[in-house]
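What follows is a set of notes on a single structure, which appears directly below.
Numbers restart at 1 for each chain; the letters A, B, ... are given by sequence-line order, proteins then strands.
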Number of protein chains: 2
Amino acid sequence: MAEDRRTRRSRRVLGAALVELVLERGFTALTVEDITERADVARATFYAHFRDKEDLFACVTADLLAELSERLAPAVADSAIGFTGKPVLEMLRHAREERDLYRIVLRGEGDGKPLQMFVDACARATAEEFRARAERNAVQPRIDPELLARVWVGEQIAVLRWWVEQDTPTLPAEEVVRMLLDLALHGRYWASGFESLA
Amino acid sequence: MAEDRRTRRSRRVLGAALVELVLERGFTALTVEDITERADVARATFYAHFRDKEDLFACVTADLLAELSERLAPAVADSAIGFTGKPVLEMLRHAREERDLYRIVLRGEGDGKPLQMFVDACARATAEEFRARAERNAVQPRIDPELLARVWVGEQIAVLRWWVEQDTPTLPAEEVVRMLLDLALHGRYWASGFESLA
DNA sequence: AAGTTATTGAACAACCTGTCTGAAACTGAG
DNA sequence: CTCAGTTTCAGACAGGTTGTTCAATAACTT
């Protein structure tokens, strides 16, 4: 009824093989045959499921994104008013579990398309949110909402990338969120010990 | 004495062709023949100058980076103490002049390698600077300097990318710098009209 | 157990790569 | 202007990758 067990397996092992190999050699260096070999699957099987490398990668990242959205939903609902840091925390937890894939995506593998799409979508949504809040509070924002959204999303992505790329035991997710919150509230000068300059 | 006029021409037109084509079709979709055709140069000539596509791209971006460093030097010297925004402003001006190339690099074309290398180099240098400042002022920073550097660099890159991707007459560079300065000093909540929450 | 569906290995043309020719065109120094 | 030294050029080459197709085999679902 659902889906043939074989197709599930094929798609799964192919995705896993892709992730492994991208981490080892980088996306562009890979051959479809490299992937099928690692997955222990015939090359013809690959083309039965995906148009090409890019397609496979797109599917894998789409799955990841869907999973993230699901996990983010309750956290976002909680922080509808103001910034609680809950969504960021949840994203960090998700990244810790799916570290390999996050690394790949955040490195901009595959032409950076998956990453850019994600970033642009986040930025658009955030900008919209900022505009709505400003209007609700009847404030003329000092900062272009579009720019503010880019700053906000850009810094989160940058920190996320840095965090998942760390090999040595890294800062706990809760600490990262605390620092981001701190920065959002007080700005950078204060954070780096330069109150005197402000 | 210097360099053969022909080699200069070949390298120049090949670089220009690459930029044009990447903007039109994306880096990975390109063929060496596509490039030589657009540049009106024989395919063999390409290989007389570059190992492959990646090599050409690396050369083009290296030139851009060298140009940027040169222009940034005086601005950086001026703002050795504190954050004046001068380097950012100079970078924005440079980006306005070399908009096509900036777009390509910031999109993460070519495996995102040129971009990631630039970002990582900036982040390392910035983190070092933050650490040095903290030590000089004998302050225990509330925020991990490494994380702070990622935030700082990440937001600039994000804004830069957004800025060069704009089609419609965009925010003037001076305004962008003012807003970034504002954010660095006061944080985001205040900037978006949420003082009440802080 | 039977019918359906997926996998397999092989073969295929089309394309791209990177290298190598020898001939022709160009350049810069004298 | 001449001439030796480079660079460009068109074409050919083997090697590898791509995406498609096919019939035989294996695995799955009901």
Nucleotide C/dT8, atom C1' - distance to CD of A/E37 in whole Å: 15 Å

Sub-4.5 Å side-chain heavy-atom contact between B/L30 and B/V22: yes

Residues within residues 4-17 of chain A bordering DNA chain D, heavy-atom distance below 4.0 Å: A/D4, A/R5, A/R6

Donor-acceptor contacts under 3.5 Å from residues 55-62 of chain A side chains, at least two apart:
residue	atom	partner	partner atom	Å
A/D55	OD2	A/R51	N	2.9
A/T61	OG1	A/F57	O	3.0
A/T61	OG1	A/A58	O	2.9

Pairs satisfying ring-ring contact (aromatic ring centres under 6.0 Å, His included), at least one member in residues 155-177 of chain A, at least two apart: none

Check: A/D111 side chain, A/K113 main-chain N or O, donor-acceptor pair, under 3.5 Å: no

Helical bend (five base pairs per end, nearest 10°) for the helix from C/dA1-D/dT30 to C/dG30-D/dC1: 50°

Residue pair A/F27 / A/R107, side-chain heavy-atom distance below 4.5 Å: no

Whole-Å distance separating the CD1 atom of A/I35 from the C1' atom of D/dG19: 14 Å

A/R25 with A/E20: basic N within carboxylate O range, under 4.0 Å: no

Residue-phosphate contact under 4.0 Å: A/Y47 side-chain N/O, D/dT20 OP1/OP2: no

D/dT7 phosphate, OP1 or OP2, under 4.0 Å from B/H49 side-chain N/O: no

Atom-pair distance (CD on A/E3; C1' on D/dA27), nearest Å: 15 Å

Non-hydrogen side-chain atoms of B/E97 and B/E67 separated by less than 4.5 Å: no

Minimum heavy-atom distance between A/V164 and A/R103, given as atom pair plus value: O-NE, 2.9 Å

Interatomic distance, B/R9 atom CZ to B/D4 atom CG [nearest 0.5 angstrom]: 12.0 Å

Distance-only check: which donor-acceptor pairs under 3.5 Å involve side-chain atoms of residues 144-159 of chain B, not counting sequence neighbours?
residue	atom	partner	partner atom	Å
B/D144	OD1	B/E146	N	2.7
B/D144	OD1	B/L147	N	3.4
B/E146	OE1	B/R131	NH1	3.3
B/R150	NH1	B/D120	OD1	3.1
B/E155	OE1	A/R188	NH1	3.2
B/E155	OE2	A/R188	NH2	3.1

Could you go through nucleotides 11-17 of chain D and list every protein N or O atom that sits under 3.5 Å from one of its N or O atoms, giving the distance for each pair?
none

Atom-pair distance (CG on A/D40; P on C/dG9), nearest Å: 9 Å

Close side-chain approach of A/E175 and A/R178, heavy atoms under 4.5 Å: yes

Whole angstrom value for the distance that separates P of D/dT18 from CG of A/L56: 13 Å

